[in-house]
Undergrad: 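Take a look at this one; I'll ask things after.
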Amino acid sequence: MRYPMTTLRLPEWVDGFLPDAETPYPSVEDRMRLVVGLARENVERGTGGPFGAAVFDLRSGRLVAPGVNAVVALGLSVAHAEVLAISTAQGVLGRFDLGGEGEPPLELVTSTEPCAMCSGAILWSGVRSLASGARDEDARAVGFDEGPKAHRWELPFEERGITVARDVLREEAAGVLRRYAEGGGEIYNARRGAP
């Protein structure tokens with residue numbers, strides 16, 4: 001039996017959306033603006049859900065790799081923005097460990113707090129910092145199932161030496177979620193695990 005090849009890929013518009021690779025994003029707000037912009041553009045172009053993410057080099061503030069939600073577009077439940085950003089960064093850098101010894105510290109910035117699946121992926125990725133915009137309850141309010149998460153979901157990150165910043169431009173990020181839902185965007189995991 002032959003199985004089809006599964007490929008995670010970003011929409012074609014992403015390259016043209018981003019400024020040149022040398023542009024620094026010195027503050028977490030600057031980095032979040034880019035990520036929320038990716039989420040908004042993904043919704044406006046109809047290429048995926050209302051989530052964006054990116055990996056940044058914390059020393060230089062430069063973008064390493066972007067990610068946007070592509071669950072519906074690719075037909076893959078794991079194609080969340082965080083997974084695409086992490087996978088793309090690993091491809092760009094040529095290593096699975098984004099926190100390797102002697103390497104610059106990397107930060108994952110995501111437009112919404114990570115779901116249960118992405119939390120695991122982030123913990124194992126090697127990033128040293130996580131910043132999120134909208135909260136779990138903002139995603140749930142428009143119908144998304146974020147999976148079973150502990151009330152203090154950030155504690156395992158901090159225990160592993162990953163700093164966590166929450167509510168970075170929260171209202172702007174939550175606005176993208178609301179716009180997607182109000183525009184009839186597909187809430188693709190609304191069954192909440194039910195058969």
Side-chain angles (χ1 to χ4, degrees), residues 25-36 38-39 49-59 61 63-69 71 77-90 93 95-178 187 189-194:
Y25 298 86
S27 72
V28 69
E29 291 83 9
D30 294 331
R31 297 187 289 275
M32 185 61 73
R33 277 186 199 91
L34 177 68
V35 165
V36 170
L38 284 165
F51 305 97
V55 174
F56 294 89
D57 180 320
L58 280 173
R59 288 185 188 156
L63 174 68
V64 175
V68 294
N69 179 281
V71 169
S77 63
V78 299
H80 289 202
E82 297 93 330
V83 170
L84 267 71
I86 289 167
S87 300
T88 303
Q90 290 167 336
L93 299 174
R95 61 181 193 272
F96 67 87
D97 185 355
L98 298 179
E101 190 175 329
E103 300 295 340
L106 300 179
E107 177 180 55
L108 178 72
V109 178
T110 183
S111 63
T112 302
E113 291 177 347
C115 69
M117 176 187 71
C118 291
S119 291
I122 296 164
L123 285 168
W124 290 327
S125 71
V127 298
R128 304 310 328 144
S129 180
L130 169 67
S132 61
R135 286 204 172 199
D136 181 271
E137 55 261 35
D138 298 325
R140 290 180 193 271
V142 300
F144 283 101
D145 177 8
E146 296 297 281
K149 288 172 52 179
H151 173 67
R152 297 283 317 272
W153 63 267
E154 69 279 7
L155 291 179
F157 290 87
E158 293 168 353
E159 289 168 0
R160 290 178 178 239
I162 301 169
T163 62
V164 177
R166 299 174 71 192
D167 299 332
V168 180
L169 304 180
R170 178 181 178 186
E171 186 50 40
E172 189 175 333
V176 176
L177 297 170
R178 290 190 298 272
I187 308 296
N189 61 349
R191 292 184 297 116
R192 302 199 190 316

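The chain is numbered in sequence order, starting from 1.
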Undergrad: Are side-chain heavy atoms of F56 and V35 found at a separation under 4.5 Å?
TA: yes
Undergrad: Kindly indicate whether the side chain of V168, heavy atoms from C-beta on, has any atom under 4.5 Å from the side chain of V109.
TA: no
Undergrad: Mind listing the closest non-hydrogen atom pair of I187 and G143 along with its distance?
TA: CG2-O, 3.2 Å
Undergrad: So Q90 and V55, do their side chains get closer than 4.5 Å, heavy atoms only?
TA: no
Undergrad: Run the side-chain contact (heavy atoms from CB on, under 4.5 Å) test against A134 and tell me which residues pass, sequence neighbours left out.
TA: T112, D138, A173, A174, L177
Undergrad: For D167, what residues pass the salt bridge (Lys or Arg N to Asp or Glu O under 4.0 Å) criterion, not counting sequence neighbours?
TA: R135
Undergrad: Under the side-chain hydrogen bond (donor to acceptor under 3.5 Å, both in side chains) test, which residues partner D57, sequence neighbours left out?
TA: none
Undergrad: For E103, which residues count as a salt bridge (Lys or Arg N to Asp or Glu O under 4.0 Å) partner, sequence neighbours excluded?
TA: R95
Undergrad: Return a table of donor-acceptor pairs under 3.5 angstrom between the side chains of residues 118-131 and protein atoms on other chains or two or more places apart.
TA:
| residue | atom | partner | partner atom | Å |
| --- | --- | --- | --- | --- |
| S119 | OG | C115 | O | 2.9 |
| S125 | OG | I122 | O | 2.8 |
| S125 | OG | V127 | N | 3.2 |
| R128 | NH2 | R160 | O | 2.8 |
| R128 | NH2 | G161 | O | 3.3 |
| S129 | OG | E107 | OE2 | 3.1 |
| S129 | OG | T163 | OG1 | 3.1 |

Undergrad: Listed by chain and number, what are the side-chain contact (heavy atoms from CB on, under 4.5 Å) partners of S27, not counting sequence neighbours?
TA: E29, D30
Undergrad: Can you name the side-chain hydrogen bond (donor to acceptor under 3.5 Å, both in side chains) partners of T110, sequence neighbours left out?
TA: E82
Undergrad: Tell me which pairs pass salt bridge (charged side-chain N to carboxylate O under 4.0 Å, His left out) where either residue lies in residues 110-120, with sequence neighbours left out.
TA: E113-R166
Undergrad: Restricting to side-chain hydrogen bond (donor to acceptor under 3.5 Å, both in side chains), what partner residues turn up for E154, sequence neighbours left out?
TA: R152
Undergrad: Could you tell me which residues satisfy side-chain hydrogen bond (donor to acceptor under 3.5 Å, both in side chains) with E171, sequence neighbours excluded, listed by chain and number?
TA: R178
